[in-house]
Amino acid sequence: MLKAIGALNMMDHAQGNMSEDELIAWVFGVDRRIVLAEAMKDQPILKASDIAQETNRSTQNISRALKEFKEQGFVMCLNPEKTTWKRYAITNEGRRLLKIIDDLYFSHN
(Lines give C-alpha, C1' and ligand atoms only; values in the text may rest on other atoms or scores of the structure.)
Protein backbone atom coordinates (compact mmCIF):
# COMPACT_ATOMS: atom_id res chain seq x y z
CA MET A 1 0.00 0.00 0.00
CA LEU A 2 2.75 2.46 0.96
CA LYS A 3 4.66 1.64 -2.22
CA ALA A 4 1.57 2.40 -4.29
CA ILE A 5 1.07 5.73 -2.52
CA GLY A 6 4.75 6.55 -3.02
CA ALA A 7 4.49 5.69 -6.71
CA LEU A 8 1.45 7.94 -7.10
CA ASN A 9 3.25 10.75 -5.32
CA MET A 10 6.28 10.35 -7.60
CA MET A 11 3.99 10.48 -10.65
CA ASP A 12 2.44 13.72 -9.41
CA HIS A 13 5.89 15.16 -8.76
CA ALA A 14 7.21 14.10 -12.15
CA GLN A 15 4.26 15.81 -13.81
CA GLY A 16 5.26 19.12 -12.25
CA ASN A 17 2.55 19.24 -9.61
CA MET A 18 4.94 19.91 -6.73
CA SER A 19 4.46 23.13 -4.86
CA GLU A 20 7.52 25.14 -3.90
CA ASP A 21 7.22 23.80 -0.34
CA GLU A 22 7.06 20.22 -1.64
CA LEU A 23 10.10 20.82 -3.86
CA ILE A 24 12.07 22.11 -0.89
CA ALA A 25 10.96 19.20 1.30
CA TRP A 26 11.85 16.71 -1.43
CA VAL A 27 15.37 18.09 -1.90
CA PHE A 28 16.19 18.74 1.75
CA GLY A 29 14.64 15.46 2.89
CA VAL A 30 17.66 13.43 1.76
CA ASP A 31 21.33 14.43 2.14
CA ARG A 32 22.40 13.17 -1.30
CA ARG A 33 19.87 15.49 -2.94
CA ILE A 34 21.23 18.47 -1.02
CA VAL A 35 24.74 17.59 -2.15
CA LEU A 36 23.60 17.30 -5.76
CA ALA A 37 21.66 20.59 -5.65
CA GLU A 38 24.79 22.34 -4.39
CA ALA A 39 26.88 20.77 -7.17
CA MET A 40 24.32 21.84 -9.76
CA LYS A 41 24.89 25.48 -8.88
CA ASP A 42 28.56 25.29 -9.85
CA GLN A 43 28.75 22.74 -12.66
CA PRO A 44 26.97 22.93 -16.03
CA ILE A 45 27.79 19.29 -16.79
CA LEU A 46 27.41 16.79 -13.95
CA LYS A 47 29.18 13.47 -13.52
CA ALA A 48 28.55 11.26 -10.50
CA SER A 49 32.23 10.39 -10.11
CA ASP A 50 33.31 14.05 -10.08
CA ILE A 51 30.69 15.07 -7.54
CA ALA A 52 31.43 12.03 -5.39
CA GLN A 53 35.13 12.83 -5.32
CA GLU A 54 34.55 16.49 -4.47
CA THR A 55 32.09 15.71 -1.68
CA ASN A 56 33.60 12.52 -0.21
CA ARG A 57 30.47 10.56 -1.10
CA SER A 58 30.24 7.27 -2.92
CA THR A 59 29.66 7.33 -6.65
CA GLN A 60 26.63 5.09 -6.09
CA ASN A 61 25.15 7.64 -3.67
CA ILE A 62 25.50 10.48 -6.16
CA SER A 63 24.34 8.29 -9.05
CA ARG A 64 21.17 7.57 -7.13
CA ALA A 65 20.60 11.30 -6.56
CA LEU A 66 21.14 11.97 -10.27
CA LYS A 67 18.63 9.24 -11.10
CA GLU A 68 16.10 10.80 -8.72
CA PHE A 69 16.66 14.26 -10.20
CA LYS A 70 16.35 12.81 -13.72
CA GLU A 71 13.04 11.15 -12.80
CA GLN A 72 11.79 14.52 -11.55
CA GLY A 73 12.95 16.28 -14.72
CA PHE A 74 15.62 18.41 -13.02
CA VAL A 75 18.49 16.96 -15.07
CA MET A 76 18.76 15.11 -18.36
CA CYS A 77 21.28 12.48 -19.36
CA LEU A 78 23.46 13.58 -22.26
CA ASN A 79 24.69 10.10 -23.10
CA PRO A 80 21.92 7.63 -22.12
CA GLU A 81 23.37 4.90 -24.34
CA LYS A 82 26.27 4.51 -21.91
CA THR A 83 25.96 2.34 -18.82
CA THR A 84 28.73 4.11 -16.90
CA TRP A 85 30.36 7.54 -16.88
CA LYS A 86 27.09 9.24 -17.72
CA ARG A 87 26.97 13.00 -18.05
CA TYR A 88 23.99 15.12 -17.05
CA ALA A 89 22.88 18.67 -17.79
CA ILE A 90 20.47 20.82 -15.82
CA THR A 91 17.03 21.28 -17.39
CA ASN A 92 14.78 24.33 -17.20
CA GLU A 93 12.95 22.63 -14.33
CA GLY A 94 16.30 22.11 -12.62
CA ARG A 95 17.10 25.80 -12.98
CA ARG A 96 13.67 26.59 -11.52
CA LEU A 97 14.45 24.34 -8.56
CA LEU A 98 17.80 26.04 -7.95
CA LYS A 99 16.16 29.46 -8.14
CA ILE A 100 13.54 28.45 -5.57
CA ILE A 101 16.22 27.14 -3.22
CA ASP A 102 18.37 30.25 -3.69
CA ASP A 103 15.43 32.65 -3.24
CA LEU A 104 14.16 30.94 -0.11
CA TYR A 105 17.35 29.92 1.63
CA PHE A 106 20.34 31.74 0.30
CA SER A 107 19.16 35.27 -0.60
CA HIS A 108 19.73 37.58 2.32
CA ASN A 109 18.63 40.90 0.80
Show the nearest heavy-atom pair for residues Trp85 and Ser49, with the distance to one decimal. CZ3-OG, 3.3 Å
Minimum heavy-atom distance Leu98-Ala37, with the two atoms named: CD2-O, 3.5 Å
Treating Ile, Leu, Val, Met, Phe, Trp and Tyr as nodes and any side-chain heavy-atom pair under 4.5 angstrom as an edge, say whether Ile100 and Phe28 lie in one connected cluster. yes
Could you check Arg57 against Asp31 for side chain to side chain contact (heavy atoms under 4.5 Å, CB included), going step by step and ending with a plain yes or no? CA-CA 10 Å; Arg57 296 249 171 187; Asp31 287 348; 3.4 Å; yes
Heavy-atom neighbours of Glu54 CD exceed 12 at 6.0 Å: yes
Taking it one step at a time, do Val75 and Met40 satisfy side chain to side chain contact (heavy atoms under 4.5 Å, CB included)? CA-CA 9 Å; Val75 298; Met40 287 169 64; 4.1 Å; yes
In terms of the angle between their ring planes, are Phe74 and Phe69 parallel, tilted or perpendicular, with boundaries placed at 30° and 60°? perpendicular
Please give me the minimum heavy-atom distance between Asn79 and Arg87, naming the atom from each residue. OD1-N, 2.8 Å
Heavy-atom pair of closest approach, residues Arg96 and Met18: NH2-O, 4.1 Å
Between Ile34 and Tyr88, is there a shared hydrophobic cluster once you connect ILVMFWY residues whose side-chain heavy atoms come closer than 4.5 Å? yes
Taking the side chain as C-beta and beyond, is there a heavy-atom pair between Lys86 and Leu66 under 4.5 Å? no
Mind checking whether Leu97 and Leu104 sit in one hydrophobic cluster, side chains of I, L, V, M, F, W, Y counted as touching below 4.5 Å? yes
Provide the closest heavy-atom pair for Gln43 versus Leu46 in the form atom of the first, atom of the second, distance. O-CD2, 3.7 Å
So does Trp26 get a backbone contact from the side chain of Arg33, meaning a donor-acceptor N/O pair under 3.5 Å? yes
Quick one, Arg64 and Glu68 - any side-chain contact, counting heavy atoms below 4.5 Å? yes
Are Met76 and Val27 linked, directly or through other ILVMFWY residues, by side chains that come within less than 4.5 angstrom of each other? no
Which heavy atom in Thr55 sits nearest to a heavy atom in Ile51, and how many Å separate them? OG1-O, 2.7 Å
Point-to-point distance, once rounded to the nearest 0.5 Å, from CD1 of Ile101 to CD of Glu38: 8.0 Å
Taking Thr91 for its side chain and Gly73 for its backbone only, find out whether a donor-acceptor pair lies under 3.5 Å. yes
